[in-house]
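Notes to accompany the following structure.
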Amino acid sequence: MILNIESDLNRFRNIVRGKVRKDLKKYMANGEMVGKQGDKFVRIPLPQINIPRLRYGKNEAGGVGQGEGAEGEKVPGTGHEAGDQAGEHELDAELTIDELAEILGEELALPRIEPKGAKHLSSVRDRYTGITRVGPRALRHMRRTWRETLRRQMSTGTYDAANPVLVPQKDDFRFRSWNSKTEPQSAAAIIYVMDVSGSMGKEQKEIVRLEAFWIDTWLRAQYKHLETRFVIHDAAAREVDRDTFFRTRESGGTLISTAYKTVDAIVSADYPVEEWNLYVFQFSDGDNWSSSDTKLCMEMLQGQLLPKLNLFCYGQVESEYGSGQFINDLREHVGADERVVLSKIAERSDIMQSIKEFLGKGR
Amino acid sequence: MVEAFFKRPPRSLPPELEAERQRIEAIARAAGLDIFDTVFEMCDYDEINMLAAYGGFPTRYPHWRWGMEYLQMQKGYEYGLQKIYEMVINTNPAYAYLLDNNYHVDQKLVMAHVFGHVDFFKNNLWFANTNRKMLDSMADHAVRVRRIIDRVGESEVEAWLDVCLSCDNLIDPHLGHIVRTRREDDVDPPTDSGRLPASRYMDSYINPPEFLAELESKRVALEARARSFPETPVRDVLGFVLEHGRMQKWQRDILDIIRNEAYYFVPQMQTKVMNEGWASFWHTRLMTGQLLTDAEVIDYCDHHSGTTVMRPGQLNPYKVGIEVWRDIERRWDRGQFGKAWMDCEDEGARRDWDTKAGLGKEKIFEVRRTHNDVTFIDEFLTPELCRRIGLFTYEYDKRSGDFLLESREFDDIKQKLLFSLSTHGTPRISVTDGNHANRGELELTHDHEGVDVQVQWAETVLGNLARVWGRPVHLSTRLDDKTARMSHDGDKFLYDGPKIGKQGNA
Amino acid sequence: MNLADELDQKLRPGVIAVAHPEGRAEANVVDADRLAVSVRSLRVTVAERSLDEAIAVLPEAVGRCLGLPLHVAEHAPTLGGAVLRSPVDASDREFYELRTGGADAELKRWRVQPAGREQVPFTLTRKDLGRLVSGLKSR
């Protein structure tokens, strides 16, 4: 039976896409969207896409529930994720990463990237076809679990056919597990670099977080396999994980050359140039400690880094204290290089334009 | 005719299952279930989700809402909410769609469950006047809408459907069937004075003065009646607007379809707890009475626990329904009803009360005929049941933004349950004046039952109503305990009432 | 005569440097008259003061003279220095910046521009300049 839902579904998705497209600039500056990113989907809070009806305020009515709990306690299962009465709760529309990237591409007129080479990668987790005895709750295999439970209960005589109730015990549980597969695919690595010195404030870091999200979205749609690395620095640089990258705040001074050294070390160790498409996105307020260090930075860029990269993007965020000198130095020394894109991001509403500059080259 | 709607032939039951079906149907009928002939179809997971999105009818008018419902189904599955094992619709013959990748025992259980539903649809009085040929009607509606789309255009029709759908809950749930919007004895005030034809010189003879005076007073009375319009508040707002609103014929056609479909589903909304409880009661009764193989037991538990387990905080109609049905049967078997029982206050005596009356089966079949959710809960929910199921009421706490457990008192629970079952979240709104300010404006009044309407939607819906009515629309209500009035002329929204803060959103 | 007075005596347009047992003062003077002086930068160096001591005492000592709070914007012990800043003035978008390596402390004023920052002179009464010199050499 093939039903007609395809066209109704497409129509709905078009409406969602239209909404996002229309308000893209607003969405790009909105931190909420970034927070709910999944592996394949991005959840967009769009309460307006629903059929409006005259209803009671959801909260005013209260309700009747079932379970444990004392008076005055919070009712478990209520709140955003619990609304299962159709139409009673706001709809979070979902877009796949690909759809979002498509909207991005169209609205910002971004050219598709032509990746170089195909890389061979190992250990891609693919299908959950195995069964094991331990695992996380989410991977529980209920049918196998019931089978084990029945087997045990029958052998211990605790099973009553007239009242068929099965009570699984710890050893009865079974879980799905994955099998590895290797697949050839084109690959890319992004290295994000952020200045976390005292002069980078909360708002500046939020801007960096939003830009990183959109860059990620676009590049993920271009490359089947994408690795991401994070480097933070003040007067010293180190590699960190994603959370630390966005959370850290130091009070130190800024020595950009340390970050470049770390980036070079990562690239040399893990990403042979012939096999990888490499991108560096650096964000700073542009106040390097000294001009001699800036000189060192330029030498490193020209000598070691740029030859290995598809793209080097530098975004200079501004604070109330204005903009630093570093972007001017970059412009002077490497601005003409076609692998280099420089962008100023004074405030959130500039994010869209900055992304357009960064990704508009199709590299 | 149904086959024509599917792009490839629907899959009927494989032979083993067909044999099971006949066996189960025989068992069901022997147990007393009275059912329409039921056609079973096998569907895969996507198909059944699509059907669910369409409300059970494979062909509906084209609209994005079906796409949205479909996505919500998928998300419901993701959140671990009820999975759909079957879908059965209120038609004759009945159609039931089964998910094809259950093991056979699941299908047996599901079929028993389906027969419970069909018996309910057939016998419950609230369904007596529903259109059992709705499959054909839905398809017909779809064809009509598509024809209009061809004439008028896709986006115009979509926009109009959006408008109609936003008002489709403004109907009268107590209308037993769709009444003609004009009563048989409705007459327009006579345009001429009703004088009998006569040539001049015969006039005073044929139309004597008393006769004329009588005619005159009748005419005045009729006009006066027509002036108070409607005479009494009309809950069926959609019907009123359909009859008296200014719109083009194609718009009226579509609004009529939307209203017709809305009314079709009303009895199902009003009996959800009973119906699901009834079907669960019977699938349990029929299945545990039989001999299941061990493997089948596993699957039975898996399935049964999935549909009757209650997520903390949420009310599961299957569970509440089945508990009440079992309680009714048990009580009437043991004579736990009537004056003597009601008056007995001794807990021990109540618990041990057993006159061996054996009236349980008779009683449940009677109740499934006569009651709806409201009367069901009103009459048969007991404090013992509330305790056993663990029911409580909860309220929204503005300060913390959380829902907090309020009470486990029987009276509170019953009152709240009855309230939600009788309103389903829709405020009581009636047309109180179809000629407001003598300018043909529509006046609506909200019969406030202690809960405020959600203002953000009100603006949109009133605007839509203004478009449907063709002239300005007003709504009188209460917000925060004070009178409030909202108006919309199709362009601008006017609000006159207390200041409203962030409302209705967690 | 202390360091501040010594400097005050020598004030005239140009780069002025004054040595004293208390320390050294250098000013890039734009203009000076009987009452006030306009400088592009003022730098005071003392004999002994660690970076930690400097950032402990300078924000208050200098802030009091300027009538504006100074906060430590960057503290880079490995680089041997720190940067202190005042809030940005809403009307002219200017702010004070104090750089110190410990023993020395240099004050400048900057205006925020779209293309970058522009250094601008600041004007004080001669008396206030004297206080500022004292503030910059606090321990």
Side-chain angles (χ1 to χ4, degrees), chain A residues 195-204 232-238 248-259 261 284-294 296-297 314 316-332 335 342-347 350 353, chain C residues 41 43 50-59 62-63 66 68-122:
Chain A
D195 172 354
V196 296
S197 68
S199 40
M200 283 286 280
K202 227 170 79 161
E203 177 65 9
Q204 284 68 48
I232 55 172
H233 76 94
D234 51 4
R238 58 195 170 104
T248 310
R249 186 140 178 232
E250 312 283 11
S251 54
T254 313
L255 212 58
I256 296 180
S257 63
T258 63
K261 282 201 190 93
S284 171
D285 62 359
D287 280 331
N288 207 9
W289 189 258
S290 65
S291 49
S292 62
D293 190 72
T294 299
L296 178 57
C297 290
Y314 174 79
Q316 189 157 294
V317 292
E318 278 183 23
S319 69
E320 48 180 339
Y321 292 102
S323 208
Q325 172 63 14
F326 198 70
I327 194 172
N328 301 327
D329 294 319
L330 282 172
R331 193 168 292 127
E332 194 191 308
L342 307 174
S343 168
K344 263 198 182 179
I345 315 157
E347 45 183 28
D350 295 325
Q353 181 58 27
Chain C
S41 67
R43 179 199 184 112
S50 74
L51 186 57
D52 283 336
E53 283 172 340
I55 62 174
V57 79
L58 287 177
V62 177
L66 298 174
L68 289 170
L70 290 180
H71 71 274
V72 177
E74 295 197 349
H75 173 212
T78 53
L79 302 173
V83 177
L84 285 67
R85 284 178 178 160
S86 74
V88 178
D89 186 310
S91 50
D92 55 23
R93 296 200 78 195
E94 293 177 6
F95 63 96
Y96 285 107
E97 185 174 273
L98 176 64
R99 287 185 175 250
T100 172
D104 62 312
E106 182 170 29
L107 186 70
K108 290 179 179 166
R109 189 165 171 86
W110 299 86
R111 179 183 301 151
V112 175
Q113 301 273 44
R117 293 181 205 112
E118 190 197 331
Q119 193 186 350
V120 293
F122 52 99

*chain A contact via Pro77(C) - which portion, at a heavy-atom distance below 4.5 Å*: neither

*Name the region of Arg111(C), side chain, backbone, both or neither, that has any atom closer than 4.5 Å to a heavy atom of chain A.*
neither

*Name the option with the most non-hydrogen atom pairs under 4.5 Å to chain C; the candidates are Gly253(A), Ala236(A), Ser199(A).*
Gly253(A)

*Selection from Ser290(A), Ser323(A), Gly286(A) maximising heavy-atom pairs under 4.5 Å formed with chain C*: Ser323(A)

*Where does the angle between the aromatic ring planes of Tyr321(A) and His71(C) fall among parallel (under 30°), tilted (30 to 60°) and perpendicular (over 60°)?*
tilted

*Quick one: closest heavy-atom pair of Val112(C) and Gly322(A), and the distance?*
CG1-CA, 3.4 Å

*What distance do Glu74(C) atom CD and Trp289(A) atom CH2 have between them, rounded to the nearest 0.5 Å?*
6.0 Å

*Just how far is it from atom CG of Leu255(A) to atom OG1 of Thr78(C), taken to the nearest 0.5 Å?*
7.5 Å

*Are the charged groups of Arg85(C) and Asp287(A) less than 4.0 angstrom apart, N to O?*
yes

Which atoms of [X] approach chain C - backbone, side chain, both or neither, heavy atom under 4.5 Å:
{"X": "Glu320(A)", "answer": "both"}
{"X": "Glu318(A)", "answer": "side chain"}
{"X": "Asn328(A)", "answer": "side chain"}

